Amino acid sequence: MEALSLSLSPPMSPPVILTQDELKKIAAYKAVEFVESGMVLGLGTGSTAKHAVDRIGELLCQGKLNNIIGIPTSKKTQEQAISLGIPLSDLDSHPTIDLAIDGADEVDPHLNLVKGRGGSLLREKMVEGACKKFVCIVDESKLVKYLGGSGLALPIEVVPFCWNFTANKLQNLFRDSGCVAKLRNDCKGEPFLTDNGNYIVDLYLKEDIGDLQVASDSILRIAGVVEHGMFLDMATTVIVAGELGITIKNK
Ligand code: ABF
C-alpha cells in the first residue's frame, strides 16, 4: 500500500482550521479529479459524497466534463443527481462502472471500511462491487485502528420479517465481543426503512471482532440478513482530508 501526503497550507503560513464539512469537501473535490469524460460513475451517498456529486454536476454544467453516466447508490443521491442534470442509469444497463466515489463511516489501516450508518449500504455495496476503481473519501475522524473501533455501530440490513430473531442471532454471533444489537429507528421512533424496504440492525461491538472475512461469512450465513456494512478489500483508493493536508492511500 502506498500513501501520498499533500499539505493544505502554504509553507510558513499559520495552520488553517477547517470544519469537518470543509474537510469532507476537500476530499470530495480531490476525488473528482479522477473523473474523466465518458465515464460511468458510481455516485455515493452521505454528506461527503454529496460534495462530489455537486462538483460533478458543476463540471458537467461548465462543459468541463461530458458524456458522464451516473449510477446512484440511493434514492436521495438519485434526486440530487437529477436536480443537477447528471444523466443516470442503473446496474442492469451498465454492469461495469469505471469509477465510484463514496464516503465511509470507518476506515482501517488496510483500507477496509464500515459503511451504512446512512442506511444505504446494500445499494452502495452493489454499485461499488461493480467498479473498476472505488475511491473512498473521508475526513480524518473516520480513521480507526480496527473496524468497530469508533464505538459506533456496524450496520446490518435485515428483512423486516421476524427481525428480532435475526437481531438475536447476530448478537449471539459476537457474544464474546460484548455485542449489543439494536433495531435502528427513524426520527419518529418507527423502524428506519432502507430504500429497499428493509430494516437496519446496528451491532455495537466492544472489542475487535478479529478475522473480518470470517465475521463477514458468518453474518451472511444468517437467514434474514440481506447485507452488512463491512466493505472488505473494496476501496482501491482512500482520500483522507485532515488539518495537515490530504493523504491519498492506494491499495
Ligand atoms: C455513506 O455515507 C456511507 O456508507 C456512510 O454510512 C456515510 C458516511 O457519511 P458522511 O459522508 O455523511 O460522513 O457513504
Side-chain angles (χ1 to χ4, degrees), residues 1-9 18 20 22-56 59 64-65 68-71 73 77 94-118 120-121 123-150 208 211-213 215-216 228-251:
M1 194 188 307
E2 48 177 277
L4 168 72
S5 291
L6 307 165
S7 171
L8 293 176
S9 310
L18 298 165
Q20 189 181 26
E22 286 167 330
L23 292 175
K24 289 178 178 191
K25 189 169 178 177
I26 287 167
Y29 275 44
K30 190 75 200 166
V32 175
E33 291 178 13
F34 289 83
V35 177
E36 292 169 16
S37 291
M39 279 185 164
V40 178
L41 292 178
L43 304 176
T45 298
S47 58
T48 315
K50 180 176 181 300
H51 289 302
V53 176
D54 279 342
R55 180 68 176 151
I56 291 163
L59 293 174
K64 293 179 182 163
L65 279 178
I68 292 297
I69 294 173
I71 314 288
T73 54
T77 299
H94 292 88
T96 304
I97 295 173
D98 295 302
L99 166 69
I101 301 174
D102 200 0
D105 301 302
E106 293 185 359
V107 180
D108 82 3
H110 307 287
L111 310 191
N112 294 315
L113 316 172
V114 167
K115 290 170 55 60
R117 289 186 192 137
S120 305
L121 67 99
R123 294 189 187 197
E124 289 172 349
K125 196 171 275 191
M126 289 178 73
V127 170
E128 285 141 29
C131 286
K132 293 182 197 161
K133 200 167 166 58
F134 169 26
V135 178
C136 177
I137 46 177
V138 291
D139 67 88
E140 61 191 349
S141 72
K142 305 290 182 70
L143 300 181
V144 293
K145 290 204 178 96
Y146 59 89
L147 294 192
S150 67
D208 186 347
D211 188 320
L212 297 175
Q213 197 54 59
S216 165
H228 62 69
M230 285 188 287
F231 284 49
L232 307 181
D233 207 18
M234 288 181 68
T236 49
T237 299
V238 175
I239 299 180
V240 185
E243 287 302 338
L244 297 179
I246 299 175
T247 305
I248 302 176
K249 303 178 187 214
N250 287 308
K251 264 283 187 201

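As the structure is a prediction and not an experimental result, all values here were calculated from the model. Sequential numbering from 1 along the given sequence is applied to the chain's residues.
Under a 3.5 Å cut-off, the side chain of Lys251 and the backbone N or O of Asp233 do not form any donor-acceptor pair. Judged by distance alone, the side chain of Asp98 and the main-chain N or O of Val40 form a donor-acceptor pair under 3.5 Å. Side-chain atoms of Lys249 do not come within 3.5 Å of backbone N or O of Pro109 as any donor-acceptor pair. Panel note: side chain Asn112, backbone Met230; no donor-acceptor pair is recorded below 3.5 Å. Distance alone, capped at 3.5 Å, is enough to place a donor-acceptor pair between the Glu106 side chain and the Ser150 backbone. Remark: the backbone N or O of Gly44 is paired with a side-chain donor or acceptor of Thr77 at under 3.5 angstrom. No donor-acceptor pair under 3.5 Å is formed between the side chain of Thr247 and the backbone N or O of Leu4.
Leu23 places a side-chain heavy atom less than 4.5 Å from the side chain of Glu243. Side-chain contact check for Lys132 versus Thr96: some heavy-atom pair is nearer than 4.5 Å. Within the 4.5 Å cutoff, no side-chain heavy atoms of Arg55 are placed close to those of Lys25. Between Ile68 and Met39, the closest side-chain pair of non-hydrogen atoms falls below 4.5 Å. Inter-residue side-chain proximity for Ile248 and Thr237 is flagged as met; some heavy-atom pair is nearer than 4.5 Å. Between Asp108 and Leu212 there is a side-chain heavy-atom pair separated by less than 4.5 Å. For the pair Val114 and Val144, the minimum side-chain heavy-atom distance is 4.5 Å or more. In this structure, Ile239 and Ile246 have side chains that are in contact, with non-hydrogen atoms separated by less than 4.5 Å.
The minimum heavy-atom distance between Lys64 and Ser37, with the atom names listed, is O-OG, 4.2 Å. Nearest approach of Cys136 to Ala235, heavy atoms of both residues: CB-CB, 4.3 Å. For the pair Ala49 and Ile101, the tightest heavy-atom approach, listed with the atom from each and the gap, is CB-O, 4.4 Å. Between Ile137 and Ala31, the shortest heavy-atom distance links the atoms CG2-CB, 3.5 Å. Of all heavy-atom pairs spanning Ala28 and His51, the tightest one is CB-CB, 3.5 Å.
In this structure, Glu128 CD and Thr73 OG1 are separated by 6.0 Å, a value rounded to the nearest 0.5 Å. Separating the CG atom in Leu121 from the CZ atom in Phe231 is a distance of 6.0 Å, to the nearest 0.5 Å. Rounded to the nearest 0.5 Å, atoms CZ (Arg123) and OG1 (Thr45) are 9.5 Å apart. We find the NZ-CE distance between Lys125 and Met234 to be 6.5 Å, quoted to the nearest 0.5 Å. Rounded to the nearest 0.5 Å, atoms CD1 (Ile71) and CG (Leu43) are 8.0 Å apart. Atom CG in Leu111 sits 7.5 Å away from atom CG in Leu113 (nearest 0.5 Å).
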Verdict with supporting geometry, Val107 and Val240, side-chain contact (heavy atoms from CB on, under 4.5 Å): CA-CA 10 Å; Val107 180; Val240 185; 6.0 Å; no
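Around the NZ atom of Lys145, the shell of radius 6.0 Å holds no more than 12 heavy atoms that belong to other residues, nucleotides or ligands.
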